[in-house]
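Read the structure below first, then the notes.
Given the structure is predicted, the values throughout are model-derived calculations rather than measurements.
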Amino acid sequence: MKQLHWIKSPIAPAEGAAITFRKEFSLSKPIAQATLYVSAVGVYRVFLNGKKQGRQVLTPGFTSYTSRVQYETLDVTASLQAENRLELTVAPGWAVGHIGYDGGKKAWADHMRAACRLELTYTDGTVQTVEGDSSFEVWTHEVTFADIYHGETIDKTYIPELLGNALPDDDQYPLVPQQGADITEQEYIAPVKLIVTPKGERVLDFGQNMTGYVSLRIKGKRGERVVLTHAEVLDKDGNFYNANYRTAQNRLTFVLSGDEDFFKPGYSFQGFRYVRIDEYPEQAIDPNAFRAIVVHSDLTRTGRFACGDAKINQLYHNIIWGHKSNYLDIPTDCPQRDERLGWTGDTQVFCRTAAINYDVRPFFKKWLGDLRAEQEPNGAIWGTCPEKFASDYHTRIATGWGDVCTIVPWTLYEMYGDDSFLSENFEMMRRWVEYMHGAGPEEFLWLGGTHYGDWLAMDADQDSCAGATSTDLIASAFFANSVDLLIRSGEVLGKDMTEYKTLYANIVKAFRSYFMENGMPKETIAAVSDAERAKDKYDIPVKKGMTQTAIVLILHFNLCLPEERKALVDKLEELIHAFGDKMSTGFLGTPYILHVLSENGRSELAYKLFFNEDNPSWLYSVNHGATTMWEHWNSVKEDGSFWSTSMNSFNHYAYGAVADWMYGKICGVTVLEPGYRRVRLSPAPCERLGFAKCGIDTVQGRLESHWYYADGRICFEFTVPNGCEAEIVLPNGQTETVGGGSYCYSVAQ
């Protein structure tokens, strides 16, 4: 395909308004094939003779625009006729609208651009092209306002105006073929009920927190309006609550034409369960005229889990919906407030669970490309991707966040057996390791810096964002882990990793000397002074070494000697009991704590934490009516008040990483060789659950694990795909190695 060129409007449109690039053309003879290549800086929809082309929405997605913008390739043959009109409607989207912090807007571009080429192949073999150039007219549009954070206004009474012919624009935004998964409309959800709150607000409850938008079919007087505002929760009195959205308005305004209208946003999305009807024509509200349309990247479902405990099933439901809500082209942290950014810490925490539940290969192929593009020359990885913001605010270069560039490629290789995830990203991984190698005053430790630490852990002040664990300890532990993953990746690719093996040995030695004594983490860690820490209200210098998270990281990253493991696990159990038989861990400790307990002979304690219903716990949010995962363990406090308005998402998927343990320990599925070529099936039955079963559509085929109680015995049923070797380990010690097939066992309870 020839290079596409950008065009723009000759006149700046009204703030936030969409514009349409339009061209009419004729066909002189029969057509055999028509292919449209199209993109925009902004978000676009393309129409041919009034018919929307392609199933995607919010195209071309969210990329690091100055590095690359995706273009779509569409077969439009069926929509052509003798006389044709091609229209490309563009709204600000992520590139030109509000995104990031401090009310930032126009982060990547100061105006919207379009690019297209229609290639027509006639039945006689001749070829004609319709170029996106100054022959396109530019018109205003009935979408008079659209913004990712603030919502959308659709005015059916609006009469479009000609702004003139398009102007050519320089090619500052490199175009690449679409690589990521399509963003599409998925489910269509009817309201559960129409509520009148104690304050007299009319509120639609869709019964499920989600990402997407609301459609409405209505007939009213010309010029009448429907205004809708979105929220995730009601307050303790049952009133509409959206203060946690911060500045994001999440408002839809529909202006009626006078005929029967169908409204559906096309250039924004919201995160919501509840919709307040702020304005409505003077007629009875018909809830059935509304639908919530769920929108996310189109990923193939590969994993399913169920058990005999309704609350655990609801937890798994919440994990899936948190996943769907936050995989809209990039792995966001949340879909509702003035953020919706590709936080790297959340991404690495959840990646393994994501790769069990869905086929995330195309999704991460695209996002990792942006991560590579935005890596700094010195190897640093920012806290979000894409990162550049108009306000010049940058996130931190922090441990556990930047390590996404080693953890995610290795995890995807393990799950799919595809070493292209390693080969494409190896240099990024290596440069990150080299950045950490020189990040602090000590060669083999990462000391100092402004890290996020064990984010939202409960072992500091309960209203603090920073956990109590020494950020220097955490940073140095992740340094060791990233070097370890780099070594493993290099060996898969046939590289000589001798230099990094020496580095790893030195890191482990330095870690044990600086942070540990007598096989235990030190009670306190000598903090490295860092003036930058005082500049950030969310960061406090922490120096505690004896925490649940510290021990979990030491055990999980193998920073202890084999003979030290039992004492460390004993100490972890002691700390759990001292904290009221609960976890105190945050974003970096929580994903590993149940694994560490289960793998070190403390499965009963792991189950105890898993079943806990007090704050902090997974079931605390379930008991408070959650339908997605929360950002904080206590986003809603015991008294019904909220954690804060500054940072309190009710659709934040990080703690959903526990599903990895649910598959791996409850159902016992452990990957021993990449791509499920060899697995261990070693379930841990639990009477409270009654039964548990999972199915995973692996790259080898369907893998299933099922156990249940019957007549005083525990029954096991396994399905192993062809091409996979399974080591079956039962609770009574019985073991067997099998190939593809179905297997049943029964052991005494």
Side-chain angles (χ1 to χ4, degrees), residues 176 179 344 347-348 351-352 354-356 359-381 385 399 402-439 443-444 446 477-511 556-559 670-680 698-701 703 721-727 737 739:
V176 297
Q179 187 177 39
T344 51
T347 302
Q348 67 88 0
C351 178
R352 186 175 296 273
I356 296 172
D359 183 350
V360 294
R361 286 175 288 183
F363 180 86
F364 274 112
K365 283 279 186 180
K366 177 258 183 183
W367 187 79
L368 286 169
D370 286 308
L371 194 68
R372 293 193 301 273
E374 292 200 337
Q375 186 174 30
E376 294 294 335
N378 65 357
I381 298 287
C385 176
T399 189
D403 299 274
V404 70
C405 71
T406 56
I407 293 172
V408 168
W410 179 258
T411 299
L412 296 173
Y413 168 65
E414 281 192 303
M415 303 305 285
Y416 299 110
D418 181 354
D419 64 12
S420 69
F421 285 108
L422 304 181
S423 59
E424 291 173 1
N425 297 293
F426 183 82
E427 183 59 18
M428 174 174 64
M429 300 165 75
R430 187 195 65 78
R431 291 173 59 210
W432 169 246
V433 162
E434 290 301 331
Y435 173 84
M436 289 191 287
H437 194 184
E443 182 179 4
F444 303 122
W446 188 353
F478 273 89
F479 180 19
N481 183 59
S482 278
V483 175
D484 182 37
L485 296 180
L486 179 70
I487 292 167
R488 294 194 225 175
S489 300
E491 289 179 337
V492 170
L493 298 174
K495 298 179 182 291
D496 181 1
M497 302 305 294
T498 303
E499 174 187 352
Y500 290 101
K501 288 180 179 179
T502 301
L503 174 61
Y504 177 75
N506 285 329
I507 294 169
V508 173
K509 181 179 178 181
F511 181 95
H556 190 73
F557 292 159
N558 294 306
L559 298 172
T670 302
V671 178
L672 300 178
E673 288 188 12
Y676 291 85
R677 289 191 295 270
R678 191 164 66 90
V679 301
R680 178 182 299 118
T698 76
V699 290
Q700 306 298 334
L703 176 68
N722 293 327
C724 174
E725 180 181 275
E727 174 189 329
T737 299

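Counting only heavy atoms from C-beta outward, the side chains of L371 and T344 approach each other to under 4.5 Å. Using a 4.5 Å cut-off on side-chain heavy atoms (C-beta onward), V433 and L485 make no contact. Taking 4.5 Å as the limit, some side-chain heavy atom of V404 sits within range of a side-chain heavy atom of W367.
Classification of E491 and R488 as a salt-bridged pair fails, no side-chain N sitting under 4.0 Å from a carboxylate O. Between E424 and K365 a salt bridge is recorded (basic side-chain N to carboxylate O distance below 4.0 Å).
Across all their heavy atoms, M497 and G490 have their closest contact at SD-CA, 3.7 Å. C351 and L412 get closest at one heavy-atom pair: SG-CD2, 4.0 Å. Taking every heavy atom of both residues into account, V671 and V679 meet most closely at CA-CG1, 4.4 Å. Minimum heavy-atom separation, C385 to D370: SG-C, 3.5 Å. Across all their heavy atoms, D419 and L493 have their closest contact at O-CD2, 4.1 Å. Closest of all the heavy-atom pairs between C405 and M429 is O-CG, 3.0 Å.
The CG atom of D403 sits 12.5 Å away from atom OG1 of T347, with the distance rounded to the nearest 0.5 Å. In this structure, Y676 OH and C724 SG are separated by 9.5 Å, a value rounded to the nearest 0.5 Å. One distance of note links OG of S482 with CH2 of W410; it measures 13.0 Å at 0.5 Å rounding. Note that NE2 of H437 is 7.0 Å distant from CD1 of I507, once rounded to the nearest 0.5 Å. Remark: R678 CZ to L672 CG distance equals 4.5 Å, nearest 0.5 Å. Here the OG1-CD1 distance, from T498 to I487, works out to 9.5 Å after rounding to the nearest 0.5 Å.
The only member of M428, E434, E427 that meets side-chain contact (heavy atoms from CB on, under 4.5 Å) when paired with R431 is E427.
The aromatic rings of W446 and W432 lie perpendicular to each other, with more than 60° between the two planes, well past the 30° mark.
Judged by distance alone, with hydrogens and angles left aside, the side-chain atoms of E725 form no donor-acceptor pair with the main-chain N or O of T737 at under 3.5 Å.
Taking the six-membered ring for Trp, F478 and F557 have ring centres closer than 6.0 Å.
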TODO: Dump the intermediate steps for side chain to side chain contact (heavy atoms under 4.5 Å, CB included) on F426 and K495, then the final yes or no.
DONE: CA-CA 10 Å; F426 183 82; K495 298 179 182 291; 3.4 Å; yes
Open item on the list: Test side chain to side chain contact (heavy atoms under 4.5 Å, CB included) on D359 and Y416; report intermediate values, then the result.
Closed with: CA-CA 9 Å; D359 183 350; Y416 299 110; 3.9 Å; yes
